[in-house]
Number of protein chains: 2
Amino acid sequence: ENTPGQQDAFTSRLLFLAEADKLKSVFRASRLLDDSRFENSAEHSWHIMLYAWVLSEHGVHPVDTDRVLRMLLLHDLVEIDAGDNPIHGNVDHAAQDALEQAAAERLFGLLPPEQGVSLRSLWQEFEAAETPEAIFGKAVDRVQTPIANLENGGGSWISYRVSLPQLEARVGRPVRRGAPDLWTWLQPQLLDCFTRLGLPV
Amino acid sequence: ENTPGQQDAFTSRLLFLAEADKLKSVFRASRLLDDSRFENSAEHSWHIMLYAWVLSEHGVHPVDTDRVLRMLLLHDLVEIDAGDNPIHGNVDHAAQDALEQAAAERLFGLLPPEQGVSLRSLWQEFEAAETPEAIFGKAVDRVQTPIANLENGGGSWISYRVSLPQLEARVGRPVRRGAPDLWTWLQPQLLDCFTRLGLPV
Ligand SMILES: [Ca+2]
């Protein structure tokens with residue numbers, strides 16, 4: 001027999017986990033490497049956790065990789081209510097932030113209070129991008145799409161007609177902040193790709 | 001400038017991460033909660049990491065949740081070569097094991113050797129289901145589908161015409177081994193659902 005307290009905890013936890021299922025239906029501007037379809041935010045979150053683990057020694061600061069993984073596991077949940085915010089799109093950042101805070105309130109609020117607060121505070125730490133773990137996590141989050149675009153011949157750079165200086169500013173900056181050697185390694189490949197695609201360099 | 005050693009490490013790590021993208025195209029027998037499509041193994045892996053985190057206090061043994069999360073992050077990668085193995089399907093287990101070992105050899109073999117060995121050994125520990133982390137991870141991996149089926153009106157139980165004793169044996173056993181209170185909580189709901197669906201109880 002479960003105690004009533006346990007029953008309540010299961011009920012709220014499973015409600016939260018059922019809501020989380022919806023992240024599998026939030027689609028991003030980026031496509032799978034085989035170009036078969038757009039990527040969703042749940043599988044993206046899985047993939048960048050693997051990036052963070054495998055690339056952890058390339059972080060600029062020593063990081064607690066497990067904290068990075070937990071941040072990345074959570075980082076896109078708010079998109080269930082607030083939607084994905086394509087990096088090369090034009091969004092009203094203040095309005096988007098307000099939507100995301102309301103989403104965090106609702107979603108983490110489904111959990112037993114102590115647990116909800118702890119998950120929400122880790123999400124907030126990631127958003128603030130100030131701790132070593134958040135900085136490295138953001139770098140990894142940003143680097144997946146350029147790597148995929150290099151692989152699949154341009155992807156979202158073509159649809160959004162991105163220039164290399166734009167990419168340097170919006171993607172290069174956060175990547176260099178967390179994993180500078182990784183960006184150094186990508187730069188010649190990016191120059192080459194943008195030149196071939198006839199995009200502004 | 002990156003050193004040649006760094007360049008080699010980036011090359012092999014990014015090759016591994018690009019291969020991993022294929023897990024997003026391995027489809028499972030289970031469907032999303034909104035019944036819109038089948039679930040893939042990458043988003044499934046993401047989701048059960050969230051299960052493991054949120055449900056960690058319900059494990060039968062105290063576990064290092066971070067190790068559980070890392071195991072679950074990796075646990076299905078071998079399906080890229082070996083395919084998904086539906087729990088209610090009929091498979092030749094020895095042949096499936098051989099396929100999965102070969103897949104592990106190939107996939108983890110893409111990484112720099114020391115890293116490849118460390119990831120592979122964690123995957124192997126999960127497969128062996130003997131340590132507290134592996135036992136809890138397996139419980140969580142198994143419990144997601146019944147929870148989803150309860151939510152979406154039967155799902156794969158109907159397509160495979162599963163009986164409640166079969167579910168107890170194939171799913172209940174590993175779940176009870178790692179998270180007995182969770183199974184206790186599910187049992188009356190399962191009995192109710194199987195009865196309503198006219199499946200053998
Ligand atoms: Ca740890």
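These numbers come from the heavy atoms of this one structure, side chains and all, not from hydrogens, waters or symmetry mates. Letters A, B, ... are given to chains in the order of the sequence lines, protein chains preceding strands, and every chain is numbered from 1.
- Scanning all heavy atoms of the two residues, the minimum distance from B:Glu39 to A:Lys24 falls at OE2-NZ, 2.7 Å.
- In this structure, the portion of A:Leu14 lying under 4.5 Å from any heavy atom of chain B is its side chain and not its backbone.
- Residue contact with chain A, scored on non-hydrogen atoms closer than 4.5 Å, is absent for B:Arg67.
- At a 4.5 Å heavy-atom cutoff, A:Ser41 makes no contact with chain B through either its backbone or its side chain.
- A distance of 7.0 Å separates CG in A:Asp66 from CG in B:Asp64, rounded to the nearest 0.5 Å.
- A:Leu32 touches chain B through backbone and side chain together, each having a heavy atom under 4.5 Å away.
- Classification of A:Asp34 and B:Lys22 as a salt-bridged pair fails, no side-chain N sitting under 4.0 Å from a carboxylate O.
- At a 4.5 Å heavy-atom cutoff, the contact between A:Leu69 and chain B is made by side-chain atoms alone.
- Both the backbone and the side chain of B:Leu182 come within less than 4.5 Å of a heavy atom in chain A.
- Proximity to chain A among residues 117-125 of chain B is limited to B:Leu119, B:Leu122, judged by heavy-atom separations below 4.5 angstrom.
- Heavy-atom proximity under 4.5 angstrom to chain A picks out B:Ser45, B:Trp46, B:His47, B:Met49, B:Leu50, B:Tyr51, B:Trp53, B:Val54, B:Leu55, B:Glu57, B:His58 from residues 44-58 of chain B.
- Among B:Glu151, B:Gln115, B:Arg70, the residue making the largest number of heavy-atom pairs under 4.5 Å with chain A is B:Arg70.
- In this structure, A:Asn40 CG and B:Asn40 CG are separated by 6.5 Å, a value rounded to the nearest 0.5 Å.
- Heavy atoms of A:Gln187 lying under 4.5 Å from chain B are absent altogether.
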